[in-house]
Amino acid sequence: MATGAISKPLSLMPREHGAYAQLGISLAMALALVPGNLRAWGQALATVLVFLASEPMLVLLGRRGEEPKRTSAMPARRRLGICLLLLVPLLLWVWGGSPLRQALSLFPALGFGAGLLGLFLAKREHSISGELLAAAAFSFASLPVLVVGGMDPFRALLPALGLAALNGLGTVLVRSFLASLKRAAGWPRLLPVLLGLILTVGVGVVSHSWPLALAPLPLTVVAVWAWLAPPRAVQLRRVGWLLTLATALGALGLVLARG
């Protein structure tokens, strides 16, 4: 008797695992800087809903292939509809009556997000430009949370920019690690070390703030480790967890610097 293979149902959760860490750290940093503000929590929840809506949207647009688009269209529409149904009233509550100066804080994240969607549709999201754009989009997701939470928009730019620099450094580090595994000439392992040192020293000289100056240090230490003792391919997951921990420590430095 012939038996057919049972295929697993298509997951409608975002597939880019690093995005969970980048977005989670961004929102956690923002909420730590404006603690107890309900509208800030509402904006953070709205950002999570947009993130969860991204995968069903990509399925419906055919970015995951014609077969998933055909077989998973109904659950994708349902997931997308639920996200939008929750998102619209949430945004109206969070931003209703807000001055234009505050609302403008949404545009950096929206702009980076739109650019990232374009790269997804062009199937270039895994290019270095796509990964850096994603790092910027997730980092600047903190900006509207900070602004709606009561922080001045110009003051809120500093932690958002700082986190974008940390996530960008982490992206370069991963790229250099993968290039070394493939014995590629580009992205030498020394590059993230140099960038980390420049960022650490530069921030220290400009800011005169120890917490702020030390924010890039954990990632710089990981970069030095990857340069002196290059990890093997089987250690890729360990590198990912170390980068997540180092970025979280850097974000904590940004919080302490504003405290």
Is there a side-chain contact between Leu158 and Leu254 (heavy atoms, below 4.5 Å)?
-> no
Scanning both residues in full, the closest heavy-atom pair of Ala76 with Val59 reads CB-CG1, 4.2 Å
In terms of heavy-atom contacts, Leu90 and Ala46 come closest through CD2-N, 3.5 Å
Between atom CZ of Arg79 and atom CE of Met57, what is the distance when rounded to the nearest 0.5 Å?
-> 13.5 Å
Taking the side chain as C-beta and beyond, is there a heavy-atom pair between Thr220 and Leu199 under 4.5 Å?
-> no
Hydrophobic cluster membership, Met29 vs Val203, 4.5 Å side-chain cutoff | yes
Could you tell me the separation between the CG atom of Leu117 and the CG atom of Leu110, rounded to the nearest 0.5 Å?
-> 12.0 Å
So how far is it from Thr200 OG1 to Leu212 CG, rounded to the nearest 0.5 Å?
-> 10.5 Å
Is there a side-chain contact between Thr171 and Ile128 (heavy atoms, below 4.5 Å)?
-> yes
Is there side-chain contact between Leu191 and Ser176, with at least one heavy-atom pair below 4.5 Å?
-> no
Nearest-0.5 Å distance that lies between atom CG in Asn167 and atom CD in Glu131 | 12.0 Å
For the residue pair Leu242 and Trp225, establish whether any side-chain heavy-atom pair is separated by less than 4.5 Å.
-> yes
Find out if a path of hydrophobic residues (ILVMFWY) with successive side-chain heavy-atom gaps under 4.5 Å connects Val48 to Leu84.
-> no
Minimum side-chain heavy-atom gap Leu45-Leu87 below 4.5 Å | no
Determine whether Val172 and Val222 fall in the same hydrophobic cluster, where Ile, Leu, Val, Met, Phe, Trp and Tyr are linked whenever their side-chain heavy atoms lie under 4.5 Å apart.
-> yes
Write down the atom of Ala226, the atom of Leu173, and the distance for their closest heavy-atom approach.
-> CB-CD2, 4.3 Å
Here the pair of heavy atoms bringing Leu143 nearest to Ser105 is CD2-O, 3.7 Å
Would you confirm whether Ser54, through its side chain, and Phe51, through its main-chain N or O, come within 3.5 Å as a donor-acceptor pair?
-> yes
Ile25 and Ala251: which non-hydrogen atoms are nearest, and at how many Å?
-> CG2-CB, 3.7 Å
Sequence neighbours excluded, every pair satisfying ring pair (Phe, Tyr, Trp, His ring centres under 6.0 Å) that has a member inside residues 84-118 = Phe112-Phe140
Can you tell if the side chain of Leu104 reaches within under 4.5 Å of the side chain of Pro153, non-hydrogen atoms only?
-> no
Between the CG atom in Leu146 and the CD atom in Gln43, the distance rounded to the nearest 0.5 Å is 10.5 Å
Report yes or no: do Val88 and Val50 belong to one cluster of Ile/Leu/Val/Met/Phe/Trp/Tyr joined by side chain heavy-atom distances under 4.5 Å?
-> no
Would you give the length of the straight line joining atom OG of Ser72 to atom CZ of Arg78, rounded to the nearest 0.5 angstrom?
-> 10.5 Å
Got Lys69 and Leu60 here, is their nearest side-chain heavy-atom distance under 4.5 Å?
-> no
Option passing side chain to side chain contact (heavy atoms under 4.5 Å, CB included) with Leu166 (candidates Leu243, Leu219, Leu249) = Leu219
Where Ala30 and Val145 come nearest, the two heavy atoms and their spacing = CB-CG1, 3.6 Å
What residues form a side chain to side chain donor-acceptor pair (under 3.5 Å) with Ser98, not counting sequence neighbours?
-> none
Where the side chain of Ser26 meets the backbone of Gln22, is there a donor-acceptor pair that is under 3.5 Å apart?
-> no
Indicate if Leu195 and Val239 have the same hydrophobic cluster label, given that clusters are the connected sets of ILVMFWY residues with side-chain heavy-atom separations under 4.5 angstrom.
-> yes
